[in-house]
There are 2 protein chains.
Amino acid sequence: MNKEDSPTGRTPTLADVARVAGVSTATVSRFLNSPDRVIEETRNRVRAAVSELGYAPNFNARALAAKRTNTIGAIIPTMENAIFARGLQAFQEELGHNGITLLVASSSYQMNVEEEQIRTMVSRGADALLLIGYRRDPEIYEFLRRRGVPVVTTWVFDPDAGIPTVGFDNFQAMKALADKVISLGHRRIATIMATTEGNDRASERLKGIVAAMADAGLPETDLSIIETTYGIDEGGAALEQLLALPTRPSVVMCGNDVLAVGVIARAKEMGLNVPEDLSVTGFDDIEIAKISSPPLTTVHVPHRRMGKEAARMLINLVGSNTRRENIQIETSLQMRGSLAGCVNRPSVADGS
Amino acid sequence: MNKEDSPTGRTPTLADVARVAGVSTATVSRFLNSPDRVIEETRNRVRAAVSELGYAPNFNARALAAKRTNTIGAIIPTMENAIFARGLQAFQEELGHNGITLLVASSSYQMNVEEEQIRTMVSRGADALLLIGYRRDPEIYEFLRRRGVPVVTTWVFDPDAGIPTVGFDNFQAMKALADKVISLGHRRIATIMATTEGNDRASERLKGIVAAMADAGLPETDLSIIETTYGIDEGGAALEQLLALPTRPSVVMCGNDVLAVGVIARAKEMGLNVPEDLSVTGFDDIEIAKISSPPLTTVHVPHRRMGKEAARMLINLVGSNTRRENIQIETSLQMRGSLAGCVNRPSVADGS
DNA sequence: TTGTAGGCGTTATCAC
DNA sequence: GTGATAACGCCTACAA
């Protein structure tokens, strides 16, 4: 039982430190928040008292009194796959450099869960919020506006969104890939997407494919669409549905890399060669895209830069130094082995 | 400008609700926390006032007054790969069923960062903590004990750890796999592990391999060890180091699936056939293990069950219904294509 | 530079 | 059942 064993039997408070140091609570508070406003001699006494008591400030009390938490919240659709990991990592690093803590929650792609979490974050005092995509109930934006909580949305870019966006144009990005696919001779195109309802990224990507087909004069009926949740196994299951259709696609364009990798794996299990029998594309260019075999053709997204820029904008907004703006991140096509030209063989392979 | 536009110009408080409903703040508080202790008639008035004002309770004030947050914190080594994702998901679900919120932070496998985050979580009022592994500075456990914050560690099982563990025996699990590898004829074994310093899971897994070799009478010099950070590319880089050594291993046993998949990918790039030229094993059995080609032989860990059990124990500890205990989760070998028997060919393949 | 004192929004202990 | 009212731990004018 050393001297550090809680002398009072409870966790030390500011007042305890003040008493031990022989100063007022105000001085201790200053020592903690702006040490330069405390004279050296006093500083030492307080510092000693702090470490003697093992004092740690009570965050909730601080937030209550200061109306500021130095905390920014991020709500992402999922933590189960690595789609958002890298961007969030960069986001967190940038916040860390500015002494800001990140709080993360995941909504499982459910809008009502997300709303709940937005309210929770706000009631916990988050100074600002990072959200994925911009399409959500206007009421929630109204709520945030009234509470004065700045928001930035990412993974999308849209100057007309009404709120700051830091991201890329999902429509154009996917259209560019679809253009490429079509130029390689593919006509029977299938796509596996996240449920597009309430998911602007997915629905815009889908529109991108449709637009590319329209440009090429392909009938919309040549496009088979399956909506599913994101996951490797889900991708595989979707592929099976696709192959049960009367006309077998020559290419499957997936809404993200996770689905695509699942498709490739299942295709191989089913005895199909990728890309000879079936081409596959993804979206995101996360790590598994490279290690898939064949490696995955996909849309490269500069996740880290996106996360960093979002953090910077949010930090500015909290300091209210800036008006809102939008930052566009450029994506690029990442060609790899999973996409090949289409020789337009009949939909049911024969032995000839 | 409708009636909901903040009437007072600031966010509504309990007192505002009380005023509008014509009751005391105590009653509103009761309405919020134990509605059954308020008579129906009053309840309705309060309910109306709440929704009229768009009132939402201030979490920090609540925590300050109640000394309880209904929040449990989890600190994991990384969010960058999916190792902890599934377990954490199950953990969160179980907490959710009990009205508890989960706060997640990641430490990037750095002990000092983790300590910092533990202190942050506590000062934010987390009612309890979930940590990965048990090996850390005793001072931090002392800190938690003094603050009365229950802790459960997971991904390890050790009744002697001094704190509750919900997990598996890393030593035995890896030893079982190594036994199998050796029984297949492998002698020149290499291993790629996370830095074992401060990482009990990694160091125990390594010991498991060493023990298996000892049991088989293999000299310890037959084991090449490379320590690296977890990541796909890191696995690939480690493989290159390994292949530069004078005696080429016939099998690479990796500390986790992420490394192993990286090894397989790089091996193929280098023109090696897996498992003919080189066998590879992992640990965890996360999703990529299945989609790797060849699919990965690994140690299966029941992540979801582990997460769920940890949540239950933590919930009990917060209610202080229980004394601490330990729960062992059984792992199993998951044999797949990346591991084959060793024909003990010379370390440098020739054309014969 | 430092101290005093009021307030932040809830909860909880009492009486009534 | 309901209402005062004192905590909870910290911040921040304002004074000294």
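Letters go in sequence order (proteins before strands), and every chain restarts at 1.
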*Nearest-0.5 Å distance that lies between atom CZ in B:Arg305 and atom CD1 in B:Ile327*: 9.0 Å
_Tell me which residues in residues 39-46 of chain B lie within less than 4.0 Å of DNA chain D, going by non-hydrogen atoms._
B:Ile39, B:Thr42
*Would you please name every residue forming a side-chain contact (heavy atoms from CB on, under 4.5 Å) with A:Thr69, sequence neighbours left out?*
A:Phe59, A:Ala63, A:Thr71, A:Asp127
_Residues in side-chain contact (heavy atoms from CB on, under 4.5 Å) contact with A:Phe143, at least two apart in sequence or another chain_ = A:Arg119, A:Val122, A:Arg147
*Counting only N and O atoms by type, is there a donor-acceptor contact under 3.5 Å from the side chain of B:Glu114 to the main-chain atoms of B:Pro77?*
no
*Look at all strands and tell whether A:Tyr55 reaches a base, only sugar-phosphate, or nothing, counting heavy atoms closer than 4.0 Å.*
sugar-phosphate
*Given axes from five pairs at either end, by how many degrees does the helix from C:dT1-D:dA16 to C:dC16-D:dG1 bend, rounded to 10°?*
30°
_Separation of atom CG in B:Leu14 from atom P in D:dA4, rounded to whole Å_ = 14 Å
_Gap between atom OH of B:Tyr109 and atom OG1 of B:Thr229 - 0.5 Å precision_ = 9.5 Å
*Within the side chain of A:Asn326, is there an N or O that forms a donor-acceptor pair under 3.5 Å with the backbone of A:Thr165?*
yes
Listed pairs under 3.5 Å, donor-acceptor, residues 151-162 of chain B side chains, sequence neighbours left out:
{"unit_1": "B:Thr153", "atom_1": "OG1", "unit_2": "B:Pro164", "atom_2": "O", "d": "3.2"}
{"unit_1": "B:Thr154", "atom_1": "OG1", "unit_2": "B:Val166", "atom_2": "O", "d": "2.6"}
{"unit_1": "B:Asp158", "atom_1": "OD1", "unit_2": "B:Asp160", "atom_2": "N", "d": "2.8"}
{"unit_1": "B:Asp158", "atom_1": "OD2", "unit_2": "B:Tyr134", "atom_2": "OH", "d": "3.2"}

*For A:Glu197, enumerate each residue passing the side chain to side chain donor-acceptor pair (under 3.5 Å) test, keeping only those at least two apart in sequence or located in another chain.*
none
*For DNA chain D, determine which residues of residues 25-36 of chain B have any heavy atom closer than 4.0 angstrom to one of its atoms, and list them numerically.*
B:Thr25, B:Ala26, B:Thr27, B:Arg30
_DNA chain C contacts among residues 60-71 of chain A, heavy-atom distance under 4.0 Å_ = A:Leu64, A:Ala65, A:Lys67
_Any donor-acceptor pair under 3.5 Å from A:Ser108 side chain to A:Gln110 backbone_ = no
*Would you list the pairs meeting salt bridge (Lys or Arg N to Asp or Glu O under 4.0 Å) in which at least one residue belongs to residues 80-104 of chain A, sequence neighbours left out?*
A:Glu93-A:Arg304, A:Glu94-A:Arg312
*Between the main-chain N or O of B:Glu139 and the side-chain N or O of B:Asp137, is there a donor-acceptor pair closer than 3.5 Å?*
yes
_Whichever of B:Val38 and A:Ala56 has its nearest DNA chain D nucleotide further upstream toward 5'_ = B:Val38
*Which residues satisfy the side-chain contact (heavy atoms from CB on, under 4.5 Å) test with B:Ala48, sequence neighbours excluded?*
none
_Under a 3.5 Å distance rule, please check whether B:Arg43 uses its side chain to pair with a backbone N or O of B:Pro35 as donor and acceptor._
yes
*What residues form a side chain to side chain donor-acceptor pair (under 3.5 Å) with A:Arg68, not counting sequence neighbours?*
A:Asn70
*Nucleotide range of DNA chain C contacted by chain B, 5' to 3', under 4.0 Å to a heavy atom?*
C:dG9 to C:dA12
_Donor-acceptor check, side chain of A:Asp16 to backbone of A:Thr13, threshold 3.5 angstrom: yes or no?_
yes
